[in-house]
Amino acid sequence: MTLDGRTALVTGSTSGIGRAAAEALAARGAHVIVTGRDAAKAAEVVAGIEHASGVARPVIADLATPSGLTALAALDDVDILVNNAGYYRFAPTTATNQALFDALVDVNLRAPFLLGQALIPKMAARGHGAVVNVSTVAARVGTSTSAAYGAVKAGLESITRAWAAEFGPSGVNVNAIAVGPTHTPGTDAVVQVLEGLTRAFPLGRLFRPEEIADAIAYLAGADYLHGATLAVDGGASVVVPAPR
Ligand SMILES: NC(=O)c1ccc[n+]([C@@H]2O[C@H](COP(=O)([O-])OP(=O)(O)OC[C@H]3O[C@@H](n4cnc5c(N)ncnc54)[C@H](OP(=O)(O)O)[C@@H]3O)[C@@H](O)[C@H]2O)c1
């Protein structure tokens, strides 16, 4: 599948899954807009894509601020929007204060909604486009520390289905991916805990960001899919853990 001639905005592409998704989309021919808060990391990702003969440009934006959202919402050439930027903190309900709850909502739910609100109508006016919302296995499987994070991502999955109904008839494919534990800079500090969790499931190991990126690239080009949430979680949402 080629994405030649398409422009892709991948939020949170300075790190982890987003970085790998930016590289995967560029490798398939898309012009990629690399964005995050860290200008040095964005420049490094752009340089890597260009070194591999891809095309990329950076836009620095903090999705928790009005100015950051405005900068991205103003883009006129986005054909593929990957709402990947994520803020995740796992905490019991009694330890989830309002500031944490609000931060989870701002980056994981409010920002994707506002970016879609601004960018999808421009895709619809051109008659084609794709949105991939990055969710988590914790949106459908309860754990003792995921009430707020899981609820926010479940909201993003709900938006995915509504946008499929709203914008699909105009040629925009809106889908989501529910990701299982993946080794990224964001999870590096808890990698041993996550490895222990994944051992009980069919995949039996953590994902590599490139594997999740491959599925994101598939969804970005699947012009026959609407409103799906693809579980790329190593079986964690559908099987009973096996003792190992
Ligand atoms: N890793 C996992 O196990 C896992 C599992 C399920 C779902 N996910 C989801 O996958 C996505 C990526 O996770 P990851 O592990 O790759 O994360 P990561 O390595 O921690 O990277 C997070 C990315 O989000 C960006 N970001 C965070 N807050 C931002 C803000 N306020 N404004 C703009 N950009 C912001 C960061 O950019 P800067 O640093 O440049 O600001 C960075 O590029 C998230 O949505 C996460 O919920 C991850």
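A quick note: this is a predicted structure, and the numbers were derived from the prediction, not measured. Worth knowing before you read on, the calculation uses all heavy atoms, side chains too, and leaves out hydrogens, waters and symmetry mates. Counting starts at 1 for both ligands and their atoms, in listed order.
Legend: residues meeting ring pair (Phe, Tyr, Trp, His ring centres under 6.0 Å) with F113, ordered by chain and number and at least two apart, are absent. R28 pairs by the salt bridge (charged side-chain N to carboxylate O under 4.0 Å, His left out) definition with D214, not counting sequence neighbours. With sequence neighbours left out, E157 forms a salt bridge (charged side-chain N to carboxylate O under 4.0 Å, His left out) with no residue at all.
Between Y149 and F90, the angle of the ring planes goes over 60°, which puts this pair in the perpendicular group of the 30/60° scheme.
A distance limit of 4.0 angstrom between heavy atoms and ligand 1 selects the residues G12, S13, T14, S15, G16, I17, G36, R37, D38, K41, A61, D62, L63, A64, N84, A85, G86, Y88, V107, V134, S135, T136, Y149, K153, V179, G180, P181, T182, T184, P185, G186, T187.
Under 3.5 Å, the side chains of N83 and N133 contain a donor-acceptor pair of N or O atoms.
At least one donor-acceptor pair closer than 3.5 Å links the side chain of T65 to the backbone N or O of G68.
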